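First the structure, in the form of C-alpha cells, and then the observations on it.
Predicted, not measured: the structure shown is a model, and the values here were computed from it.
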Amino acid sequence: LVYSLAPDVPSIGQAYSKNSDSITVEFTEVSGATSYILRAESKTGDFFKESTVSSSPGTMVELQPYTDYVLSVMSVNSGGRSQPSYPTEARTVVMAPNLNTSSPTNGTILVTWDPVKDAVLYTLVIIREGSSTRLKLNTTDTAVTFDDLEPGTTYCIKGTAWDSEGRTGDDVTACQITRPQSPDVTHVQVTPGRALGIAVFWSQVRGANLYLVWTSNGQNCSTENNYCYINPADCGQNHSVYVIAYNDAGPSSPSQPANYITCGYIIHNVSGNCSVMWDGVPLVEYYMAFIKRDDGMETFCNTSVTTCPFSCMCGYTYLTTVFPYNQAGSSPYGHVRNYTTIPCCPQDVMIKLVSTETLEIMWTPVKGAELYETTAAQTKDVIHCNDTAPVCALSDLSCNTAYSVTVTPCSDLRGCNHTCKPQTHETAPCTPEILNMTQTNSSTYRIFITTPNTPDTNYTITATGRYDRQICQSMNSSCVLTQLPCGSVYEVTAVATTAVGKSLPGFSKTLETGPCCPMSVNVTQVTQAMTNVTWSPSTGARSFITSLTSPRGYAKCHTLDTHCLMGCITCGTNYSVNLEAISSTGQKSECKYRGFSSSACCPTGVKLYRRTNNTLRVYWRSLGPQIYNHTVELYGTGANYTCMAAAGSMYCDIQEETCGDVYTVVAAPVEKYGSKVTFCQPRTYSVPCPGSNAGMGTYHLILKTTMLTR
C-alpha cells in the first residue's frame, strides 16, 4: 500500500484588504500541494469560515466591513491537509458612502450620503462626461455642493471613505446630469384662420429631452422639438408665453416671457399697427374698407386683397365695415364690426418709498383702462392692488430688496395689457443689530454689528451720552468709537443707509466706559512697615484696589474709600504704585502712578557705651546697603547731645559733660536730601558716674568700657 503524506505547512507573507467584504492573503506555496484552504476567524469568536483557493494570493470574501479577523492557511493534497500556518491579523476597510445626487440648479450638483460607520474622512472626485479633467475634494461633512458646472451636462462623482488608519475603503460612482439652461423664445406667431392659434418657436438647449410651453391664460403644449402650437386662441387677447426645458434632473428656470396679442377679425400688434382681415367673396374686383375711431377720426383703404392695414392706438374703439366692388357696383350691405384695442400702459409711473418696507406707486390714468392691477415680480406676481384708482401701496415688503413693479391696465372687452414695462425701486436697508462691543484702549471701543444689506451699504453707529454724542461710520461689520470719556454711560444704536434712505435704528445697547483714574495718588510712610495711601476722587468708580509691588513682596487693599492703610512694607525698597478703579457694574480701569521708595531702614541693636575718656559711644547695626549717614540724638535730664556718623560707620562718639544721667537715644538714617527718618524707635539708658555702684543693676564692664543696657 502507498500512503500519501499531507503537504508542508505554508507561511503567510502578508494579508490586506482592498474591499470592505474581503481580505487577500499572500502565502508561500509548498511542494506537493494541490490546493489551499484559507481560514478566517473573528477575534470575538462568533465567526468562522474556510475557503478553498488554487494558489497564492487567495481572497476570503463575504466578510464584514471594518472588522478584525485572524487568518491562517493550510495546504491540501490527497494525503489530507496540513496544520494551519502561523496566524496573522487583518482588518477589512470601511464601506463606500451611498451617494445621493440631485441638481438644484442648472449649474450645481448636490451630493449627500449617510455617515459611514468608522469613517473619519470622505473623498469625492467629479469628472465631466467626455472630459479628462478631475476635481478632487476631501471633506468630513456628509453633503457637498459642486457649483460652476455646465447646464444640461452629465457629471460622474466617485466617492470613497477613509478610516482612522489612513486606509481608503470601497469606492462608488454616481452620475448626475445638471438641469438644462433656460431656453430663449425666438418667435411667437399668430396663426389666423377659422381656428385662431399661436405658434411658439425657441432655441434648443443642451441636455433637454422635453419642452413645456405655458401661456399666461393657462394653455400649454409639450414637445421634444423647438416649436409648438397652441389652439385655440381667443380673439383680442393680450398674453405672454414662456418655455421650460426638462431633463432627468428636473425643469429649468422659465424663459423670459414673450408677449403677444391675438384677434380673428382684427389683429392688433404691439407696435401700433392693426389690420382688418376678411374672407374673400366671388366675382369681386376690389374691396373698400372703412375704419372709424370712436373720437370721429376715419380712414379707409381700396384693395384687391382681403387685408387692410391701418395705424391704431391703444385704448380706442374702431368701427370697421368692408364693401366688395365689381363692375356692377358694391354690395348693398356691409357688416359693421367694432374692435377695442387694449388699454394703454401708464407712462409716468412713479414709485416712492414712504416707509422702510412700503412702496407707494402713482400714475396718471390711461385711456381704455377700467381697472389697474399692480404686481411685483419678487412677490411671485401676487396682485397687491386691483383697483380703479391710479395709486397703490405695496406693504410688508422685504428690506434692502429691489422690487420690479408692474402696473397692468385692464378692460372688460380686451382684458389686461401684459406688455407694460416694470419699474424698479428698492426698499430701505435692513436694520443692523449690535453683536458685541470691545474696548481697545482707555477711550476707544470697537462696535461689531450685523451686515444684512448689500455691500454698498453704509452703517452709522451713534453713542449718545448725557452730555455728548459720538458717531462712527463704516461699510464693514465693525466701527471704532474714539475719544469716549471715562466714567460715562452711552446708549449705542446702529443705522444702515443706502441711496434710497435709512433703515430703522436697531435695538440699542448700553456702553459703559471704564471709571476714571484718580488724578493723584499720595503714599505716606507711617512706620517702617506701614504706609498710608490716599488718592483723589474718581468719576464712575465705586471701589478701588490699591497695590504696592516690588521684587521683595507686595501689599494690596480693596476699599470703598479714597484712602487705605497698608502693611507688609519693606524698608529701603522701591515699589511700583498701581490702582484699579472699579465701577458698580464691574467695569475696571488699570491706573499706574510714579513709584514709591520706602524710607531707609532704622538701625537695630542700638547700644550705649561709656569710654574711659568720659565719652559715650552709641553703636548700631545697619540693615541693607550702608549708603546713608546716621544722626544720633541723646536727650538727658541735664543735657542734650547730637552727633553725625558718615555712611558706612556704625557708631558715634559724644563727649559727656555731666555723668550720672538717664538718656533717651534715637539713631536714625539721614536720607538723600537731608531728611531724617522720623519713626525710628527711641531707647532709654541710665549712665552712672565712674566708680559708682549706684543703680548699676545689670550693667557690666566690657573691654575697659561700661556698657549700659536698658
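Between the side chains of Glu512 and Thr585, at least one donor N or O lies within less than 3.5 Å of an accepting N or O. A side-chain donor from one of Arg552 and Thr573 sits under 3.5 Å from a side-chain acceptor of the other. If you check the side chains of Thr401 and Ser398, you find no donor sitting under 3.5 Å from an acceptor. A donor and an acceptor atom, one from each side chain of Arg446 and Thr440, are nowhere located under 3.5 Å apart. With hydrogens and angles left out, the side-chain atoms of Asn458 and Thr497 include no donor and acceptor closer than 3.5 Å.
Counting only heavy atoms from C-beta outward, the side chains of Asp170 and Val93 approach each other to under 4.5 Å. No side-chain heavy atom of Gln587 sits under 4.5 Å from any side-chain heavy atom of Ile582. Within the 4.5 Å cutoff, the side chain of Arg621 has no heavy atoms near those of the Pro603 side chain. You'll find the side chain of Lys136 reaches within 4.5 Å of the side chain of Thr123, heavy atoms only. Counting heavy atoms from C-beta on, the side chains of Cys486 and Ser443 never come closer than 4.5 Å. Annotation: side chain of Ser477 is not in contact with side chain of Thr450 (no heavy-atom distance under 4.5 Å). With a 4.5 Å cut-off on side-chain heavy atoms, Thr101 and Leu110 do not count as touching. Contact check for Thr140 versus Leu121: side-chain heavy atoms found under the 4.5 Å cut-off.
On the SG-SG cut-off of under 2.5 Å, Cys399 and Cys430 qualify. The SG atoms of Cys472 and Cys479 sit under 2.5 Å apart.
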Verify side-chain hydrogen bond (donor to acceptor under 3.5 Å, both in side chains) between Thr108 and Asp147, making sure each step is shown before the conclusion. CA-CA 4 Å; Thr108 60; Asp147 51 15; over 6 Å; no

Give the C-alpha distance, both sets of side-chain angles, the deciding distance and a yes or no for side-chain hydrogen bond (donor to acceptor under 3.5 Å, both in side chains) between Gln525 and Ser599. CA-CA 8 Å; Gln525 193 159 357; Ser599 66; 3.3 Å; yes

Report the C-alpha distance between Thr524 and Asn532 in whole Å, list the side-chain angles of each, state the deciding distance to 0.1 Å, and finish with yes or no for side-chain hydrogen bond (donor to acceptor under 3.5 Å, both in side chains). CA-CA 5 Å; Thr524 303; Asn532 186 33; 5.8 Å; no

Can you check side-chain contact (heavy atoms from CB on, under 4.5 Å) on Met437 and Val492, steps first, answer last? CA-CA 10 Å; Met437 299 182 289; Val492 183; 4.0 Å; yes

Salt bridge (Lys or Arg N to Asp or Glu O under 4.0 Å) between Glu580 and Lys592, intermediate numbers included: CA-CA 9 Å; Glu580 190 174 44; Lys592 295 182 180 296; over 6 Å; no

Verify salt bridge (Lys or Arg N to Asp or Glu O under 4.0 Å) between Glu491 and Lys509, making sure each step is shown before the conclusion. CA-CA 6 Å; Glu491 288 294 323; Lys509 288 194 175 183; over 6 Å; no

Apply side-chain hydrogen bond (donor to acceptor under 3.5 Å, both in side chains) to the pair Tyr459 and Asn453, showing each step before the final yes or no. CA-CA 10 Å; Tyr459 297 93; Asn453 302 293; 3.2 Å; yes

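Taking OG1 from Thr549 and OH from Tyr575, the interatomic distance works out to 9.0 Å, rounded to the nearest 0.5 Å. Leu579 CG to Phe544 CZ: the interatomic distance, rounded to the nearest 0.5 Å, is 6.5 Å. A distance of 6.5 Å separates OH in Tyr685 from CG in Leu608, rounded to the nearest 0.5 Å. Cys591 contributes atom SG, which lies 11.5 Å from atom CD1 of Ile545 (distance to the nearest 0.5 angstrom). The OG atom of Ser474 sits 8.0 Å away from atom CD1 of Ile461, with the distance rounded to the nearest 0.5 Å. The distance from the CZ atom of Arg617 to the CZ atom of Arg610 is 15.0 Å, given to the nearest 0.5 Å.
Tyr619 and Tyr609 have perpendicular rings, their planes meeting at more than 60° on a 0 to 90° scale where under 30° would count as parallel.
With hydrogens and angles ignored, the 3.5 Å screen pairs a side-chain donor or acceptor of Thr457 with a backbone N or O of Thr454. Distance alone, capped at 3.5 Å, is enough to place a donor-acceptor pair between the Asn640 side chain and the Gly636 backbone. Of the possible polar contacts, none joining the Thr444 side chain to the Asn441 backbone as a donor-acceptor pair under 3.5 Å is found. Judged by distance alone, the side chain of Asn629 and the main-chain N or O of Ala647 form a donor-acceptor pair under 3.5 Å. Checking side-chain atoms of Glu671 against main-chain N and O of Gly674 turns up no donor-acceptor pair under 3.5 Å. Formation of a donor-acceptor pair under 3.5 Å by the Thr559 side chain with backbone atoms of Cys564 is not found in this model. Distance alone, capped at 3.5 Å, is enough to place a donor-acceptor pair between the Ser598 side chain and the Gly572 backbone. Side chain of Ser503 to backbone of Ala496: a donor-acceptor contact under 3.5 angstrom is found. A donor-acceptor pair under 3.5 Å is formed between the side chain of Thr527 and the backbone N or O of Met530. Formation of a donor-acceptor pair under 3.5 Å by the Ser478 side chain with backbone atoms of Ile447 is not found in this model.
Under the side-chain hydrogen bond (donor to acceptor under 3.5 Å, both in side chains) test applied with Tyr490, the options Thr513, Asp468, Thr462 reduce to a single match, Asp468. Across Val666, Asp653, Val606, a single residue satisfies side-chain contact (heavy atoms from CB on, under 4.5 Å) together with Val618, and that is Val606.
Between Ala639 and Tyr663, the shortest heavy-atom distance links the atoms O-CE2, 4.1 Å. Nearest heavy-atom pair across Gly159 and Leu124 is CA-CD2, 3.7 Å. Residues Met566 and Lys556 approach most closely at CE-N, 3.4 Å, considering heavy atoms. Closest of all the heavy-atom pairs between Asn400 and Pro429 is CB-CA, 3.9 Å. Scanning both residues, Ala581 and Pro515, for their nearest heavy atoms gives O-CG, 3.2 Å. Taking each heavy atom of Ser20 and Thr92 in turn, the nearest pair found is O-CB, 3.5 Å.
A 6.0 Å sphere centred on OH of Tyr651 holds no more than 12 heavy atoms belonging to other residues, nucleotides or ligands. Around CG of Asp456, the count of heavy atoms belonging to other residues, nucleotides or ligands within 6.0 Å exceeds 12. When the shell of 6.0 Å around CD of Gln483 is examined, it contains 12 or fewer heavy atoms from other residues, nucleotides or ligands. When the shell of 6.0 Å around OH of Tyr593 is examined, it contains more than 12 heavy atoms from other residues, nucleotides or ligands.
The side-chain tip of Arg91 does not point at the ring of Tyr69 from less than 6.0 angstrom away and within 45° of straight on.
Here the two rings, on Tyr122 and Trp113, have centers that are under 6.0 Å apart. Ring centroids of Trp620 and His630 are separated by less than 6.0 Å, placing the two rings close together.
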